[in-house]
Protein chains: 2
Amino acid sequence: MTKKPVLSDVAARAGVSMMTASRALRGAAEVSDRTREKVMQAARELGYVPNRIAGALSSHASNLVGVVVPSLESLVFPKVLSGISAALEGSPLKPFVGVTGYDLDEEAEVIREMLSWKPSGLIVAGLEHSEAGRRLLEGAPCPVVEVMDVDGTPVSHCVGISHRQAGHDMGREIVARGHRRIGFIGTKMPQDFRARKRLDGFTAALTAAGLELAATDTYSGGSSVEQGRNLTAAMLERHPDLDCIYYSSDLMAIGGLMHCLASGLSVPDDLALAGFNDLELLRGMPVRLATTDSHRHEIGRRAARIVLERRDRDASPAIEALTPTLSPGESL
Amino acid sequence: MTKKPVLSDVAARAGVSMMTASRALRGAAEVSDRTREKVMQAARELGYVPNRIAGALSSHASNLVGVVVPSLESLVFPKVLSGISAALEGSPLKPFVGVTGYDLDEEAEVIREMLSWKPSGLIVAGLEHSEAGRRLLEGAPCPVVEVMDVDGTPVSHCVGISHRQAGHDMGREIVARGHRRIGFIGTKMPQDFRARKRLDGFTAALTAAGLELAATDTYSGGSSVEQGRNLTAAMLERHPDLDCIYYSSDLMAIGGLMHCLASGLSVPDDLALAGFNDLELLRGMPVRLATTDSHRHEIGRRAARIVLERRDRDASPAIEALTPTLSPGESL
DNA sequence: GTGAAAGCGCTAACAT
DNA sequence: ATGTTAGCGCTTTCAC
């Protein structure tokens, strides 16, 4: 084992040409079983690991699918990723992940970096990009799928839900349940376009019912139970008459629930609560919180499927809008 | 824009040789400022995206760091990843992630796949591998860092905590608090070696105090609040006299807490609870749960730093054992 | 400071 | 079914 063996070493040991060895290792059809076995055997004995870099350069196909997400710490994008992995299972494609930290310039950088690896596909969270980012996506020599959101103008393919609709549906449901003094707690909007769209849809639903938001609070940084709990306490301090709060995430809504538990407020009688995403976490909580399933796993699956299908074919843009599913739970 | 521009196009447009263009784009020192500007300009105008595949093949250096984790859905590995990203920030190295699903054969596959991309480093969760996986790691032509755990024999570098100690410390603490009828709820051990080590340490601490576990329950599949709640209910049904339960994860412990809330048990008076990991989630819960900080972010940071430092230098294996930090919270 | 030649390790395209 | 010839797009020498 003085040096890493390369294909020619395998070929030599098996007594065939490089080409035959190459074909055998990749499972091409036109190799006799006997030859294939010899080659496999030689590769095994040498501990041969193919050099995909050389392979990709030569074949102009990397079998990598770039996945660009804002963060991995939030429970939401990992689920998309698992959908992607599931759909790619059994295919030669492998996902590789880039994280942007909710920064569009960084996103463009990540996309650029990914393109430099000649991916077979690109899956990007969100429809909002920097000028540079969008240009890169438009010029990408591979299928591009924007995921999570369908409210906007995709570069090409798109799989997601309408966050506006998700917010609107929840607003209507809350109004229908008779709540009138309604607050909203969400992330500082600039960094989260989808949360902003949910808020827009939500307020539109209130407006349609002749209502308006009684209170709004935003925070920067990630969602967390603690944050949700603190902001809920603060909001109720200022607006003791609120009868419902809509949160931009389940995690925050759980915080709200924790505040209610701690201060003896009954949910939903004293205060109704609703979140977003349908995190698994909600199951097991003392009160089943109202939420909207954003179908993250399914979105990932479908996006990956689009990449698989459009690899060769010509690409007529596919737009797949899933329906956000509202679960009223027991908290409205 | 009929075809993607390549380096020679940039060079031609800038009126220099490929070599000069290459050097200018990579920021090599021996290029005059004027030439560099011309090249940069040309690249910008053409929308040039370098082909790292060609670059890596030629230079035998990919600037990729492979990160192999069992799962991304659990809140624990994303945190390690963020530590890795943070440490790699500003360096030319980029992490790329592979997920094994807690399956050692799959792990070997993933490692093999990663090696085929000629990474500059490999960061792998855990010390347990299949024969094949271990061989691959041993022969890897790049720094290899095993993370999370230090109870075992690393292939090379290693950063983590002793899970045995984490379990032992918690066991001692629980005993010191006067608990005597103690249960354990954890994942089915085969798939989670670290949880098993914590249990070993935990029972050792009990034994040292002349105690033994009064009840044990294991489950397969991921940790979840719901699972924790259900298993806690079931365990208390069978063993109503328990005064403490140790869980293999915070998520499960939260489930236990939720059960207590729902059934009017006071924590810790009726039942003491302890988890593991120190998830952010714990902050904001009505009772601050006892847990152990596994320093996941820091582990990621250090692992990445090792890769950065050992890139060139000769590799004398570094073993960095961090101390698991126990927080008793209010639940013991 | 810049350029020319050679080749990284593999595979596509054509033989045979 | 197997082999031969080129060449992917870049970087590493080594010249100048």
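Every value quoted in this text rests on a predicted model; they were computed, and no experiment measured them. Below, chains carry the letters A, B, ... as their sequence lines are ordered, and counting in each starts from 1.
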Undergrad: Should A/Ser17 be listed as having a side-chain N or O under 4.0 Å from OP1 or OP2 of D/dG3?
TA: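 A/Ser17 to D/dG3 OP1/OP2: side-chain N or O found under 4.0 Å.
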Undergrad: Please report the distance, rounded to the nearest Å, between CE in A/Met18 and P in D/dT5.
TA: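 To the nearest whole Å, that distance equals 13 Å.
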Undergrad: Picking from D/dT11, D/dT2, D/dC8, which would you name as closest to the side chain of B/Ser22?
TA: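 Among the listed nucleotides, the one closest to the side chain of B/Ser22 is D/dT11.
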Undergrad: Counting only side-chain nitrogens and oxygens, does A/Ser32 get under 4.0 Å of the OP1 or OP2 atom of D/dA1?
TA: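 False: A/Ser32 side-chain N/O out of range (4.0 Å or more) of D/dA1 OP1/OP2.
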Undergrad: Would you mind reading off the distance between A/Lys4 atom NZ and C/dC8 atom P, rounded to a whole angstrom?
TA: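 From A/Lys4 NZ to C/dC8 P: 18 Å.
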Undergrad: With a 4.5 Å heavy-atom cut-off, do A/Asp149 and A/Lys197 have their side chains touching?
TA: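 Touching, per the 4.5 Å side-chain cut-off.
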Undergrad: Choose from D/dT11, D/dG9, C/dG9 the nucleotide whose nearest atom is closest to any side-chain atom of B/Ala54.
TA: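 Given the options D/dT11, D/dG9, C/dG9, the side chain of B/Ala54 is closest to D/dG9.
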Undergrad: Side chain of A/Met19 only, please: which of D/dT4, C/dC8, D/dT13 is the nearest?
TA: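 Of the candidates, D/dT4 comes closest.
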Undergrad: How about CD on B/Glu30, more than 12 heavy atoms from neighbouring residues, nucleotides or ligands closer than 6.0 Å, or not?
TA: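 More than 12 within 6.0 Å, yes.
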Undergrad: Does a side-chain N or O of B/Arg23 approach OP1 or OP2 of C/dG1 to a distance below 4.0 Å, or not?
TA: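 No, because none of the side-chain N or O atoms of B/Arg23 sits under 4.0 Å from OP1 or OP2 of C/dG1.
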Undergrad: Is there a side-chain contact between A/Ile84 and A/Arg301 in this structure, where contact means two heavy atoms from C-beta onward sitting under 4.5 Å apart?
TA: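 Of all side-chain heavy-atom pairs linking A/Arg301 with A/Ile84, none is under 4.5 Å.
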Undergrad: So, under a plain 3.5 Å distance rule, would you say the side chain of B/Arg36 forms a donor-acceptor pair with the base of C/dG1?
TA: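 Absent.
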Undergrad: Quick one: does A/Val69's side chain get under 4.5 Å of A/Thr100's, heavy atoms only?
TA: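 No; the side chains remain at least 4.5 Å from each other.
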Undergrad: How many Å lie between CG on B/Asp9 and C1' on D/dC10, as a whole number?
TA: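 In whole Å, D/dC10 C1' lies 13 Å from B/Asp9 CG.
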Undergrad: Would you say A/Arg34 has more than 12 foreign heavy atoms packed within less than 6.0 Å of its CZ?
TA: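 Check fails, neighbour count at 12 or below.
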Undergrad: Could you tell me the separation between the CG atom of B/Leu46 and the C1' atom of D/dG9, rounded to a whole number of Å?
TA: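 Rounding to the nearest Å, CG of B/Leu46 and C1' of D/dG9 are 15 Å apart.
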Undergrad: Of the nucleotides C/dG9, C/dG7, C/dG1, which one has an atom closest to the side chain of B/Glu30?
TA: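 Closest nucleotide to the B/Glu30 side chain: C/dG1.
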Undergrad: What nucleotide among D/dG9, D/dT12, C/dT11 has an atom nearest to a side-chain atom of B/Ser59?
TA: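 It is D/dT12.
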Undergrad: Looking at C/dC8, I'd like to know if its phosphate oxygens (OP1 or OP2) sit under 4.0 Å from a side-chain N or O belonging to A/Arg52.
TA: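 Checking A/Arg52 against C/dC8: no side-chain N or O falls below 4.0 Å of OP1 or OP2.
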Undergrad: Write down the distance between CG (A/Leu7) and C1' (C/dG7), rounded to a whole number of angstrom.
TA: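 Spelled out: CG on A/Leu7 to C1' on C/dG7 is 16 Å.
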Undergrad: Between A/Ser85 and A/Leu81, is there a donor-acceptor pair closer than 3.5 Å when you use the side chain of the first and the backbone of the second?
TA: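 Side chain of A/Ser85 to backbone of A/Leu81, a donor-acceptor pair under 3.5 Å: yes, one is there.
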Undergrad: May I ask you to verify if any side-chain N or O of A/Tyr48 is less than 4.0 angstrom from the OP1 or OP2 atom of C/dG9?
TA: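 No.
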Undergrad: A/Asp33 has an atom CG; how far is it from atom C1' of D/dT2, in whole Å?
TA: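 Rounding to the nearest Å, CG of A/Asp33 and C1' of D/dT2 are 15 Å apart.
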Undergrad: Compare side-chain N and O positions of A/Thr20 against OP1 and OP2 of D/dG3 and report whether any pair is under 4.0 Å apart.
TA: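 Indeed, a polar side-chain atom of A/Thr20 lies that close.
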Undergrad: Check this one for me: any side-chain N or O of A/Ser8 less than 4.0 Å away from OP1 or OP2 of C/dC10?
TA: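 No, outside the criterion.
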Undergrad: Rounded to whole angstrom units, what separation is found between the NZ atom of A/Lys118 and the C1' atom of D/dG9?
TA: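 The answer, rounded to whole Å, is 9 Å.
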Undergrad: What nucleotide among D/dC10, C/dA4, C/dG9 has an atom nearest to a side-chain atom of B/Leu57?
TA: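 Ranking D/dC10, C/dA4, C/dG9 by closest atom to the B/Leu57 side chain puts C/dG9 first.
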Undergrad: Can a side chain N or O of B/Thr35 be found less than 4.0 Å away from OP1 or OP2 on C/dG1?
TA: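 Indeed not, no polar side-chain atom of B/Thr35 lies that close.
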Undergrad: Using whole Å, report how far CG of B/Leu25 lies from P of C/dG1.
TA: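 Distance check: B/Leu25 CG to C/dG1 P gives 18 Å.
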